[in-house]
J.: 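Quick one: the structure is below, questions incoming.
Residue numbering restarts at 1 for every chain, and letters A, B, ... go by the order of the sequence lines.
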Amino acid sequence: MSRTVRAHPIAVIRTLEPFGFVLLLPAIQMLFGGGDAAFVPASAELPLAALLTVWVILRRRAFRLFCNEREIRIVKGVLIRRTVRIPRRNLSALRVERGIADALFGSARVIFETEADMARQGGVRCDLRRRDAERLSAELFATSGKSVSVPLKKRIFSALATSSAITGLTVAVPTVRRAGKLFGVALSEWLYSQISETAARFNARFPRVWNTVSLILLLGYVISFAAALFAFARYRLTVGRITAVKRGFFVRRETRFDGGNIRAVCLEQTPFLRAARRCFLRVTAGSFGHRYDLPVERIARQRERARQMGFSCASGVFIRPKRDRVTAHRFYRPAFLWLIGLAAAVFMIRRELPFLLPVSLFLSVPMGAAALYYGYIGHFNYCRGGVSFGKKLCAAGTRGFCFRALHCPKHTVGILRFTEKPWEKRYGTCNLKIGVRARAPVYLTVRRIDTAETLENAVRFFSDE
Amino acid sequence: MRENRLPKKSLRLWQTRCGLIAVFPFTAFLIGTFRNAVCVLPLICFIAVVLWTAFFYLPRYCAVFSLEIGKQYLLVRRGVWFRHCDLIPFPATVYTAAFSTPLARRMGLSALSFKMIRGWLILPEMRRDTVSELLAEVHR
């Protein structure tokens, strides 16, 4: 890209946007509203607004972007001229965003992501013409593979795998509140009364409030499912040495990164995905470790994707929990004790507080299911959990209710924490928590492995050049 | 690979801090005891907790604490009941900070904190020369 690129005129509007209601609108009202005492304070704002607009226009005209084989140079500023030089080797990823306004005016927001980024703010950003953004993207991160979309079946799978009632309620409740404030109506109260009335129509042995709670949780799940389905609606993925992920419905975001910048790869399975024998591929890439979630696929296909990106998931000899009856019991015991406790609680309630029996039975079903699932997690940790210190660090374990397999090179390991609980001291085992150096870190816990052996291997892993 | 333990001065420092922190609540409990006999039991419990912390927990913590400085990593062992062993590769350290209170400075001690990406670790007060050596290794 030998020529210099200028900023798109939309940069002027974007810069003025935060000052819109405070400065510009009163000034415009004063201009067209006529002489009115209420607008007297705004008379001081008119010159300020004019000065600000002129300054922003000059700023836009002063902007220059130049890209060559070695670096990207951005010149900006009116009075204080700043030249930002980003060596291309320090560029972690390039993100191009196009919202509705960008689609209308033929512009795009380009964000250069580097290690120096602050969390949630992204890196150096500029508004360019769409053609220029596409050319820049192709020059910096040229993709070679074919772009594929996510079929509807896989989108439904992904949505089912990632949806939960809590996520849906976390999104829906603030939205409803804000909408209610905006329109000046008690929207959340009205919704709650509608849900209660609907729940009352169901004849059940449980109190009405349980029907209402169940209905709210179901609605939360539906919202979460719809949002997750929508998120993958226009998803396009190009996998190769340079990977491009394009997603978003109203605001299109395309992120490109080099496979050589991958810090860690994590294959993650939720309970649902585990049953379906599929997994997510979570790639942490870039110097500061941005995380990209690739859609659901079979495990072998995800490993192949990682290999196409230039990251091999080969593992060495695993250090696993000891294969004996005592160790196996230690993994299954918590779930077993939980089930016994639950059964004892229901039995006591039946004897002493029989009027609470329907409620306790209602609660004991999901709790019993959770206990059985916890037992399954223990089984997984016993059979498949472990860590390997080969060419890369590879580990298999769990985090919460999810199963994870993590692969990361030595230089991207953040911290290894060995925790020995008092009741595990006599067995000489510990839990190992592995953290990757990344802004959105991936953690994983490997349980009940031999402390001395694992520590010795870990020290050797970091000592070897 | 060098191993370092916490010096005895570090234990004295923490015992002194424990005593200083306990002065105000002890006084409050004592005054409460003179006014109302109900405060006797909390006062006794409080004294027991302070004595236990100063003469049992802190010495054990200092005895268990150890620091191994490897070629490319730092291994920290700590914890009395829940034993933690943290292995931190040097490249994972974003920055370090040495800091000390007036009391620690008088005793020639300094604490050290390691800041990693999305993680941190604080090492209790050690001799200043040990801290300088460690910083030199980390930032080599």
J.: Drop me the distance from F462(A)'s CZ to I88(B)'s CD1, to the nearest 0.5 angstrom.
T.: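 One finds 10.5 Å between CZ of F462(A) and CD1 of I88(B).
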
J.: Highest number of heavy-atom pairs under 4.5 Å with chain A: which of G79(B), C85(B), P89(B)?
T.: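 Highest number of heavy-atom pairs under 4.5 Å: C85(B).
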
J.: Which atoms of K425(A) are under 4.5 Å from chain B, going by heavy atoms: the side chain, the backbone, both sets, or neither?
T.: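 For K425(A), the contact with chain B is made by the side chain alone.
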
J.: Report yes if some heavy atom in the side chain of V76(B) is under 4.5 Å from a heavy atom in the side chain of R417(A); otherwise report no.
T.: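 Result no, sub-4.5 Å side-chain heavy-atom pair not found.
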
J.: Does CZ in F401(A) sit with more than 12 non-hydrogen atoms of other residues, nucleotides or ligands closer than 6.0 Å?
T.: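 At most 12 heavy atoms, drawn from other residues, nucleotides or ligands, come within 6.0 Å of this atom.
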
J.: Using a 6.0 Å cut-off, check whether atom CG of L337(A) has over 12 heavy atoms from anything other than its own residue.
T.: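 More than 12 within 6.0 Å, yes.
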
J.: Should the heavy atoms of other residues, nucleotides or ligands under 6.0 Å from CZ of F56(B) be counted, would the total exceed 12?
T.: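 Count over threshold, so yes.
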
J.: So which heavy atom on L455(A) is nearest to which on R77(B), and how close?
T.: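 Looking at all heavy atoms of both residues, the shortest contact is CD2-NH2, 2.9 Å.
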
J.: Above 12 or not: heavy atoms from other molecules or residues under 6.0 Å from OH of Y427(A)?
T.: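 Yes, because the 6.0 Å sphere around OH of Y427(A) holds more than 12 heavy atoms from other groups.
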
J.: With a 6.0 Å cut-off (strictly less than), is the heavy-atom count around CZ of R384(A), excluding the residue itself, greater than 12?
T.: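 Not buried by this count: 12 neighbours or fewer within 6.0 Å.
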
J.: Look up atom CD in Q72(B) and atom NE2 in H411(A), then write down how far apart they are to the nearest 0.5 Å.
T.: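 If I round to the nearest 0.5 Å, the distance is 12.5 Å.
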
J.: Give, for atom CD of E424(A) and atom CZ of R83(B), the distance between the pair rounded to the nearest 0.5 Å.
T.: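 Taking CD in E424(A) and CZ in R83(B), the distance rounds to 13.5 Å.
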
J.: For R106(B), look at atom CZ and say whether over 12 heavy atoms of other residues, nucleotides or ligands are found less than 6.0 Å away.
T.: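 Check fails, neighbour count at 12 or below.
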
J.: For the CD1 atom of I415(A) and the CZ atom of F114(B), what is their distance to the nearest 0.5 Å?
T.: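 The CD1 atom of I415(A) sits 10.5 Å away from the CZ atom of F114(B).
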
J.: To the nearest 0.5 Å, how far apart are CG in L416(A) and OH in Y73(B)?
T.: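 Those atoms lie 12.0 Å apart.
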
